[in-house]
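In what follows, a single structure is set out as structure tokens and then discussed.
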Protein chains: 2
Amino acid sequence: MSVTLKQLAASLGLSPTTVSRALNGFPEVNAATRKRVEHAAAAANYHPNTRAKSLATGRAQAIGHVIPVSTSHEIVNPVFADFIAGAGEIYARNGYEMILRVVPDDSEAHAYRDLMARGSVDGVILHGPRTNDARVAMLAELGLPFLLHGRTSGVSAPYSWIDINNQRSFKRATEFLCNFGHRRIALINGLEEMDFARRRRNGYLEALDEAGLAPDPMLMRQAEMTEPYGYRAAQELIQLPDPPTAFLASSMIVAYGILRGLSDLGLKLGSDISVVTHDDELSYLPNDGDVPLFTATRSSVREAGRRAASMLLQLVAEPGSGPLTELMETALVLGASTGPARV
Amino acid sequence: MSVTLKQLAASLGLSPTTVSRALNGFPEVNAATRKRVEHAAAAANYHPNTRAKSLATGRAQAIGHVIPVSTSHEIVNPVFADFIAGAGEIYARNGYEMILRVVPDDSEAHAYRDLMARGSVDGVILHGPRTNDARVAMLAELGLPFLLHGRTSGVSAPYSWIDINNQRSFKRATEFLCNFGHRRIALINGLEEMDFARRRRNGYLEALDEAGLAPDPMLMRQAEMTEPYGYRAAQELIQLPDPPTAFLASSMIVAYGILRGLSDLGLKLGSDISVVTHDDELSYLPNDGDVPLFTATRSSVREAGRRAASMLLQLVAEPGSGPLTELMETALVLGASTGPARV
DNA sequence: ATCAATTTCCAAAACGCTTTGGATGAACGC
DNA sequence: GCGTTCATCCAAAGCGTTTTGGAAATTGAT
């Protein structure tokens, strides 16, 4: 059993009040006494009981992440692990706990209410926002500080978010391909009910439009971002009567699928056909080296996690500090997977 | 602000005691009163404050996961997300919270002591056990219920764990390749300081031995399991004077790297060269379909997460229930990546 | 030396719940 | 009608902190 404040105070011949103040850096305690208390605390391996502390202060010292697990397709977002790692770093550094709730996506709203009502967290981070996401209004009404990883088109009320510039990112990637002479560019997107995927498509369409190219629905796909999805998409599209000469992929995993699909048909990336992908810099799928495998729009999701956590903690500390937003630009890095269109 | 027990009691003209007992199913409360209380609680959206509750009961109602982030190689284990999803499901169902600590791997011990001293969790799950893992002795001494995801060779004291039969798994895979006439089989392993990797190597060696084949150090590699690692390993090994005719990979991601490395050289899986991989059934890397891409030793890490959580909750509920262990066998599923050795 | 201002400490209340140890009637047996 | 047993409720203590509102001792100014 761990030592309590009262015990520590007794062993020092002091009152709990003084010990508490000594350890929490209040001014009204003698410097000598403070030293004495600090030493005793360290010696006894004293750590304040989190629950008691937060009961007394009213702050949970914890941030919640609700991860919805789709009841139908059952996919766990691989990006999630790296984001969490980044955020967790910041929480730990600031004495916050991270609590995770894995819930079926149809009872996500309930999870937030529950976390709020039980006072388990001081704020939450929302993952995977969709177009017109109802969670935003709900959380605003609840009065629980929150921050979106991503944005949600169609919601007019202000809210805090951190996002990458998906639209610009995919616009630039598309332009880049156009400049290489590509006229038929396929978009292998994530589910377009997800806000990021929608924005990426918008960027893609915008660039096509500016290049005077008409979008072809046959070349646009959306689905859960698995490797086989990329594979099938590549194989099917390349066998169209008028096949694409370039692919735009929404994630490294999809890009690997496309790569496999194409090389199974004997096509070589860069020379025969081009691929640009978004790269979240997942640690186990590094796309670096002198010449990266894929030309990519690159942005570290782990860094996004760090920043998101910092922003939310700021929001929790000063509830008035208004909606905080940050738009991260991605880098368009040149890899070996792109080249001029074959004529 | 959420409603408290006291307020609820006042609004009902009852004492907090009675309301508490009514909601917690104690017998000494009138059936009619209980109904009345339950309705009022639901109407007021009452949820007991977690911190107050656990202060009073002494139980945290939370399980901790400490995920060490290597200060050097900075890899976030992709298997982690799926495991967590499985475990989280069980926690949620049983009213437990999941708390995550992301810590530099050199201060992991401190994290456990801290969680314990602050009374933040009722138990912890250990990830990524190494050979002779010191954390086991430490936690046993702390008196905090814990369970390993994996095992740790060299530790004699009993402890609770859930693991897959890595040794048997890789032994069977190796035997399978031997039966196809393969004599030179490469092992592209994870870091062998990790217990699972060590066991896999043992299984591999055992099978080679029984087949009367001498292991060749040139054919055995270990590293962090990234895609480029698989790629490089495949390319380098295949260009040896006496190259392998089959590869054994430690994860799907590595297997994809190998696949890319080989097909870049124009080799076709199954006919030209064989690959068997371990498959954790990560949701975004499904290896299924009529004929799976890879022949694989398959075991769902998500299911392991579920079972691990159940076991730990059991351990927390009945501390005496002694070390709980479960060894999950893997399935050896036939895919398109294996065939008879080319002569 | 006196009074006010500082320092330095403490007793007690509060946070929101559970739980112990009764209290109050009603029902029951005779 | 009386004592006993149940059924049903409650007051108060306690969990381990923080924080409010002093109190005592020391210092400083005059």
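Computed over heavy atoms, backbone and side chain alike; hydrogens, waters and symmetry mates excluded. Quick note on labels: first sequence line is chain A, next is B, and so on, each numbered from 1.
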Check your understanding: Does B:V79 offer a backbone N or O that forms a donor-acceptor pair with the side chain of B:N77 under 3.5 Å?
Key -> yes
**Study point:** Length of the CG-C1' vector between A:N24 and D:dT17, whole Å
**Key:** 9 Å
Review point. Between the main-chain N or O of B:F26 and the side-chain N or O of B:N24, is there a donor-acceptor pair closer than 3.5 Å?
Key: no
Point to revise | Closest contact, heavy atoms only, A:G86 versus A:R306 | key: O-CG, 3.5 Å
Review point. Donor-acceptor pair, B:S160 side chain versus B:L324 backbone, under 3.5 Å?
Key: yes
Review point. Is the shortest side-chain N/O distance from A:Y46 to OP1 or OP2 of D:dT17 below 4.0 Å?
Key: yes
Revision key, fill the gap. From CE of B:M116 across to C1' of D:dG16 the rounded distance in Å is 16 Å
Point to revise | Spacing between B:L5 atom CG and C:dC15 atom P, to the nearest angstrom | key: 13 Å
Revision key, fill the gap. Here the distance between atom P of C:dG16 and atom NZ of A:K53, to the nearest Å, is 18 Å
Check your understanding: Between the side chain of A:R59 and the main-chain N/O of A:A317, is any donor-acceptor distance below 3.5 Å?
Key -> no
Point to revise | Whole-Å distance separating the CG atom of B:N49 from the P atom of C:dT18 | key: 10 Å
Practice item. Give a yes or no on whether the backbone of B:A32 and the side-chain of B:N30 come within a donor-acceptor separation of less than 3.5 Å. Key: yes
Check your understanding: Closest heavy-atom contact between A:A111 and A:R101?
Key -> O-NH1, 4.0 Å
Review point. Using rotation axes that map the C1' atoms of four end pairs onto the next four (five pairs an end), what angle separates the end axes of the helix from C:dA1-D:dT30 to C:dC30-D:dG1, to 10°?
Key: 50°
**Study point:** d(CZ, A:R59; P, D:dT19) in whole Å
**Key:** 7 Å
Check your understanding: Any donor and acceptor pair, going by atom type alone, linking the side chain of A:S20 with main-chain N or O of A:P16 inside 3.5 Å?
Key -> no
Check your understanding: So, does A:D122 use its side chain to make a donor-acceptor pair with the main chain of A:I63 at under 3.5 Å?
Key -> no
Check your understanding: Is a side-chain donor or acceptor of B:T152 paired with a backbone partner of B:V155 at a separation under 3.5 angstrom?
Key -> no
Revision key, fill the gap. B:L55 CG to C:dA14 P, in whole Å, measures 17 Å
Practice item. Could you state the atom-to-atom distance from CD of A:Q7 to P of D:dC15 in whole Å? Key: 10 Å
Exercise for review: Tell me which residues in residues 10-21 of chain B put a heavy atom below 4.0 Å from DNA chain C, sorted by number, or none.
Suggested key: B:T17, B:S20, B:R21
Study note, to complete from the structure: Note: contacts of residues 26-38 of chain A with DNA chain C (heavy atom, under 4.0 Å) are A:E28, A:V29, A:N30, A:T33
Review point. What do the steps show when you test B:V3 against B:N45 for side-chain contact (heavy atoms from CB on, under 4.5 Å), and what is the final call?
Key: CA-CA 8 Å; B:V3 54; B:N45 190 31; 5.9 Å; no
